[in-house]
Amino acid sequence: MSDTGEIKMTDEQLVQAEFQALLDDYLNSNHRRKVDKITKAFNFANEAHAGAKRRSGEPYIIHPLSVARIVCKEMGLGSTSICSALLHDVVEDTEYTVEDIKNLFGAKIAQIVDGLTKISGGIFGEQASAQAENFRKLLLTMSDDIRVILIKIADRLHNMRTLGSMLPAKQYKIAGETLYLYAPLAHRLGLFTIKTELEDLSFKYEHPQEYDFIKEKLKATEETRNRLFEHFSAPVKEKLDEIGLHYEMRARVKSVYSIWNKMQNKGVAFEDIYDIYAVRIIFDPLPGVDEKNQCWDIYSIITDIYRIRPDRIRDWVSRPKANGYRALHLTVMGPDGQWVEIQLRSRKMDDIAEKGFAAHWKYKESSVEEDTELDKWLQTITEILESPDPNALDFLDTIKLNLFTSEIFVFTPKGDLKTLPQGATALDFAYALHTDIGNRCIGAKVNHKLVPLSHTLQSGDQVEILTSRSQTPQYEWLNFVTTAKARSKIDAVLKKNRKEAAKAGEQKVIAAFKRSDLELSTSNLEKLSMYFGFPKKEEFYYAVEKEDVILPDNINKLLKEKTDNVLYKYVKQAFGMGNNKKKEAEKEDSAEEAGNKLKYDKSKPYILKEEAYERNYVIAECCKPIPGDDALGFINDDGTVVVHKRSCPIAMRLKSSFGERILNTEWSSHKNSSFDATLEVRGIDAIGVLNDITKTISEFNVNIQRVGIEAKDGMFEGKIKMKVHDVEDIQKMCVTLSKFSNIKSVGRVAE
């Protein structure tokens with residue numbers, strides 16, 4: 001047999017093995033047995049993608065099969081979702097249409113495949129620059145069928161699992177986008193296991209050295225953790241066995257990404273993180289015992305053995321999170337003198353925690369509440385999306401904020417429970433009730449006490465909104481709200497009011513022209529608005545209506561004076577009036593195409609050169625990377641490469657929104673250049689400690705620019721700004737300073 005025949009045979013065997021694994025997963029689930037339907041979808045997709053290969057060299061059909069397995073096994077979905085996953089790339093990548101899918105597999109599968117096709121081009125295509133707008137479309141399709149977004153997340157998860165075959169620049173783009181869009185969305189939908197894996201995989205490709213470091217640390221401390229778990233669990237198991245409970249008890253280790261995140265946020269080392277592992281008990285309730293009561297029974301058994309920390313009890317059994325999460329969390333002092341967090345869940349609670357709302361379907365009976373918290377959330381999203389002219393990137397930031405945030409629970413005067421994001425105000429609550437109530441809100445009573453609109457609500461508050469017919473939204477209200485819905489509703493009213501005010505101002509300007517017997521020409525209107533410092537006529541009209549600008553009885557004199565006014569000529573040039581409009585349009589076109597026209601070989605790292613005469617980059621002001629930092633380049637509109645730290649929030653946004661402009665970078669030797677860096681030092685105050693610090697830093701041949709140190713109650717802390725050559729300078733400095741007995745912590749910080 002030829003080599004080609006062997007490869008083809010191997011591919012077929014691989015595909016059939018993967019398909020059989022999918023069927024096994026499906027047959028092990030609680031769903032109705034529709035194997036014929038799934039087989040038909042597989043055969044159709046296999047034929048449609050025949051001959052196509054992935055970048056890794058595998059047959060393309062392996063990707064839809066893998067996505068279908070995630071949908072089935074890891075999300076708990078049924079045959080409709082499995083078929084849709086198998087077919088999700090057929091319409092986009094082959095000659096088949098949505099109509100073909102509908103004729104062969106029915107309207108529901110066709111609708112889901114159509115939703116997936118509409119959002120895939122922008123998010124996974126080469127021109128993936130308008131991420132916010134694509135995310136907006138993605139959320140719109142969610143309201144039609146939640147399975148569209150669940151399959152999309154599964155699609156992204158498989159792409160992340162196979163990201164190793166991509167070029168580095170592509171890896172950064174997809175990893176950054178995943179952390180920015182998909183992980184928070186999975187979190188909000190309660191897909192905890194998938195959210196954690198997406199975060200870890202993104203982190204692995206963005207910060208490979210840090211990822212390997214934490215993995216090694218976890219491996220090195222595994223034996224100690226196991227020993228602690230054995231000591232802790234032995235007496236608990238004995239008591240649970242006595243009551244005849246069927247359960248699993250296991251240690252859950254914190255994810256690599258969340259450990260790194262905590263190290264960054266708290267500014268601590270790996271050894272200083274004490275909640276690396278928690279104990280999880282998953283149980284089947286005893287006959288006749290409600291799962292909520294069973295949680296509290298187990299709680300009682302544990303607290304009889306170990307001393308509890310009262311401020312760390314989290315009761316999400318009585319009040320589930322908005323993403324459906326239910327569990328009872330408590331923290332106790334373990335036998336080895338360490339605080340141990342314990343998570344108590346029934347089997348059903350655990351399924352929902354790991355697989356999200358999809359797991360609800362596993363437990364559905366004849367009567368199911370349709371109005372879940374998720375449905376309310378989707379309804380809110382739809383309202384925002386349909387509001388007039390939302391700015392795509394601002395919208396994305398607001399949604400991202402809402403995805404990450406934790407919830408508070410507040411009550412209406414009648415006792416209805418409402419869920420809001422942490423930090424929500426009385427005005428947010430008013431808009432959550434109804435847009436008209438928000439627009440007419442003048443204040444609120446929280447727990448029967450009068451409070452202003454800006455009052456921040458706490459869980460358990462009872463809130464009554466006070467309204468007035470004469471009230472309308474004000475500009476300062478935007479500072480009082482945190483929710484996306486409230487902000488978009490206020491924006492809509494303000495834009496409408498401003499437009500109406502500008503129209504009224506325009507009538508006053510027209511009247512002034514008539515009084516002065518002047519021609520009402522575009523040129524004269526532009527001259528008059530520029531005279532008062534307004535490049536846009538609409539802004540000028542608005543200022544006239546608001547009486548920020550008072551027009552004289554005769555404006556003829558103003559226009560004559562203005563012709564010779566040097567300032568006017570300068571302003572006219574600056575704002576590109578008249579013939580310059582064409583140049584401005586050309587400038588915008590060139591900016592839009594800059595990323596595409598500039599020639600950069602993305603298959604190789606972009607070398608950041610040192611010498612002043614050939615330096616080919618600028619340092620980003622937001623994060624100020626220095627040689628040795630993990631960095632990436634962003635191609636600006638004018639072709640300049642701006643260098644950011646990979647962990648910089650701005651860089652994360654750029655990767656997500658302008659992926660095609662991202663460059664993989666490498667520093668050349670930078671021993672002659674200097675870069676800004678700031679060290680933060682803390683320790684025990686003593687005579688001569690400041691002298692020791694500055695003397696040590698000077699020995700590294702760096703230039704100290706500013707020192708600010710304060711001492712209080714026997715402790716000192718402060719920051720030292722300096723010019724350094726690279727990260728190695730900083731690292732050596734930190735190691736040397738940390739050896740002084742009075743210095744307790746030293747590290748580089750952003751400034």
Side-chain angles (χ1 to χ4, degrees), residues 207 209-210 213-214 217 260-273 607-612 615 617-632 642-651 665-751:
H207 300 280
Q209 289 176 328
E210 288 92 333
F213 169 78
I214 294 172
K217 284 281 189 182
W260 179 78
N261 227 3
K262 196 157 192 175
M263 287 166 63
Q264 297 298 306
N265 293 336
K266 302 275 186 186
V268 295
F270 178 90
E271 289 74 17
D272 295 326
I273 297 177
I607 305 300
L608 304 172
K609 298 176 182 177
E610 176 187 20
E611 298 300 334
R615 183 171 286 187
Y617 66 93
V618 295
I619 295 292
E621 282 298 313
C622 49
C623 56
K624 294 186 177 173
I626 64 177
D629 280 331
D630 284 344
L632 55 79
V642 182
V643 180
H644 292 261
K645 285 184 186 174
R646 279 191 218 157
S647 56
C648 168
I650 301 296
T665 60
E666 274 186 19
W667 301 94
S668 65
S669 171
H670 278 66
K671 288 299 174 188
N672 298 318
S673 303
S674 293
F675 297 85
D676 289 336
T678 302
L679 275 188
E680 186 173 67
V681 189
R682 291 191 178 96
I684 300 166
D685 193 21
I687 295 170
V689 70
L690 177 58
N691 184 49
D692 289 342
I693 292 169
T694 52
K695 186 179 175 185
T696 302
I697 291 173
S698 300
E699 287 171 2
F700 285 91
N701 196 27
V702 299
N703 181 18
I704 297 176
Q705 293 179 295
R706 187 173 71 243
V707 178
I709 291 183
E710 290 183 7
K712 186 179 180 182
D713 300 332
M715 303 295 290
F716 78 86
E717 66 175 68
K719 291 180 180 177
I720 303 161
K721 188 176 180 183
M722 63 193 84
K723 290 278 190 181
V724 299
H725 300 301
D726 54 27
V727 167
E728 195 177 339
D729 280 353
I730 291 280
Q731 288 169 343
K732 287 178 180 176
M733 228 177 284
C734 289
V735 169
T736 306
L737 287 170
S738 63
K739 290 176 182 175
F740 286 94
S741 58
N742 284 63
I743 296 175
K744 297 304 175 188
S745 72
V746 57
R748 178 179 162 208
V749 293
E751 179 149 325

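Just so you know, these numbers use all the heavy atoms, side chains as well, and skip hydrogens, waters and symmetry mates. Residues: numbered from 1 along the sequence shown.
Residues C734 and V746 come closest through the heavy atom pair O-CG1, 3.5 Å. I626 approaches W667 most closely through the heavy-atom pair O-CZ2, 3.4 Å. Closest approach of A677 and I730 over heavy atoms only: CB-CD1, 3.7 Å. Minimum interatomic distance between I693 and V681 (heavy atoms only, all atoms of both residues): CD1-CG1, 4.0 Å. R646 approaches A631 most closely through the heavy-atom pair NE-O, 3.4 Å.
Residues V727 and R748 form a side-chain contact, since some pair of their non-hydrogen atoms from C-beta on lies under 4.5 Å apart. Under the 4.5 Å side-chain criterion, counting only non-hydrogen atoms from C-beta, P625 is in contact with I619. Side-chain contact between W260 and S647: present, with at least one pair of heavy atoms (C-beta onward) separated by less than 4.5 Å. Proximity of L690 to V707: side-chain heavy atoms (C-beta onward) are separated by under 4.5 Å at one or more points. Counting only heavy atoms from C-beta outward, the side chains of M263 and E210 never approach each other to under 4.5 Å. Using a 4.5 Å heavy-atom threshold, the side chains of T665 and Y617 count as separate. Side chains of I720 and T694 form no contact here, defined as non-hydrogen atoms less than 4.5 Å apart. Two residues are said to be in side-chain contact when any heavy atoms from C-beta on lie closer than 4.5 Å; N742 and I684 meet this criterion.
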Verify side-chain contact (heavy atoms from CB on, under 4.5 Å) between R682 and K744, making sure each step is shown before the conclusion. CA-CA 6 Å; R682 291 191 178 96; K744 297 304 175 188; 5.5 Å; no

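Among residues two or more places apart in sequence or in another chain, the side chain to side chain donor-acceptor pair (under 3.5 Å) test is passed with Q731 by none. In this view, E699 satisfies the salt bridge (Lys or Arg N to Asp or Glu O under 4.0 Å) rule with no residue, not counting sequence neighbours. Applying the side chain to side chain donor-acceptor pair (under 3.5 Å) rule to D676 yields the partners K723; only residues at least two apart in sequence or on another chain are considered.
Taken to the nearest 0.5 Å, the CZ atom of F700 stands 11.5 Å off from the NE2 atom of H725. Rounding to the nearest 0.5 Å gives a distance of 7.0 Å between CD of E680 and OG of S745. With rounding to the nearest 0.5 Å, the separation of CG in D692 from OG1 in T736 is 12.5 Å. The line from CE of M722 to CD1 of I697 is 4.0 Å long, rounded to the nearest 0.5 Å.
Here the options are D630, D629, L632, the test is side chain to side chain contact (heavy atoms under 4.5 Å, CB included), and the partner is K645; only D629 passes.
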